[in-house]
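To start, the structure itself, in C-alpha cells.
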Amino acid sequence: METRVAVLAIIVRDMASVPALNELLHQYAPYIIGRMGVPYHARGVNIISVAMDAPADAISALSGKIGRLAGITAKTVYAPEDALQQGK
C-alpha cells in the first residue's frame, strides 16, 4: 500500500472538543509517527502538530473528521514525493 508523509496542523479553540479529538487520534494511532502539543495561553488556543505516514485517504479522512469538530481547525501539508527516500 502506497503511503504519504504529512503533517497535520491542528488549532484547538474549544476545549470541550478535546475528548473527541483524542479519540480520533487514537483511532489513527498506527499511522502517527509523532505528536507535539503547545498551549498558547496568551491567545487562548492549543496548537498540535501530528506527523503521519499513511495512505492519502487515511490522512484526508482524519483531517476532515477533525475539521468537523466544534472549535477545531485542521490543515494538512504533504511532503513532496521526490524529497523522500523510498527505504521501506
Side-chain angles (χ1 to χ4, degrees):
M1 178 183 319
E2 187 71 24
T3 63
R4 301 283 311 267
V5 174
V7 176
L8 183 56
I10 304 167
I11 306 292
V12 179
R13 299 177 318 278
D14 184 354
M15 294 304 291
S17 294
V18 170
L21 171 61
N22 284 331
E23 177 58 31
L24 285 170
L25 292 173
H26 178 73
Q27 290 173 16
Y28 287 82
Y31 300 122
I32 295 175
I33 301 166
R35 169 181 169 177
M36 178 182 65
V38 179
Y40 189 18
H41 300 293
R43 299 293 291 243
V45 298
N46 291 291
I47 303 160
I48 303 168
S49 62
V50 179
M52 301 181 71
D53 188 353
D57 60 337
I59 296 168
S60 179
L62 177 58
S63 180
K65 290 174 183 178
I66 290 172
R68 286 191 290 277
L69 295 174
I72 296 183
T73 303
K75 299 292 178 186
T76 306
V77 177
Y78 291 89
E81 285 298 311
D82 60 351
L84 300 174
Q85 293 180 353
Q86 301 300 324
K88 286 190 167 183

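Remember, it's a predicted structure, so these values are computed and weren't measured experimentally.
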One should read off an interatomic distance between Lys75 NZ and Ile11 CD1, to the nearest 0.5 angstrom, of 11.0 Å
Gap separating the CE atom of Met52 from the CG atom of Leu62, nearest 0.5 angstrom
5.0 Å
Give a yes or no answer on whether the side chain of Ser17 reaches the backbone of Gly71 with a donor-acceptor pair at less than 3.5 Å.
no
Is any side-chain heavy atom of Thr73 closer than 4.5 Å to one of Val12?
no
dist Leu21:CG -> Ile48:CD1 (nearest 0.5 Å) comes out at 5.0 Å
Val7 side chain near Thr76 side chain, heavy-atom distance below 4.5 Å
no
For Ala6 versus Ile59, what's the shortest heavy-atom pair and its separation?
CB-CD1, 3.9 Å
Atom pair CG/CG of Asp14 and Leu69 - distance to nearest 0.5 Å:
9.5 Å
Please give me the minimum heavy-atom distance between Gly67 and Ala74, naming the atom from each residue.
N-CB, 4.3 Å
Spacing of CG belonging to Asn46 relative to NE2 belonging to His41, to within rounding of 0.5 Å
7.0 Å
Looking at every non-hydrogen atom in both residues, tell me the closest pair between Arg4 and Ala56 and how far apart they are.
CG-CB, 4.0 Å
Kindly work out whether a path of hydrophobic side-chain contacts (I/L/V/M/F/W/Y, heavy atoms less than 4.5 Å apart) joins Val5 to Ile32.
no
Near Tyr31 OH, under 6.0 Å, is it more than 12 heavy atoms from other residues, nucleotides or ligands?
no
Validation row: Glu81, Glu2 side chains within 4.5 angstrom (heavy atoms):
yes
Where do Ser60 and Tyr78 come nearest, in terms of heavy atoms and distance?
N-OH, 4.0 Å
Is the closest side-chain heavy-atom distance between Ile10 and Ile66 below 4.5 Å?
yes
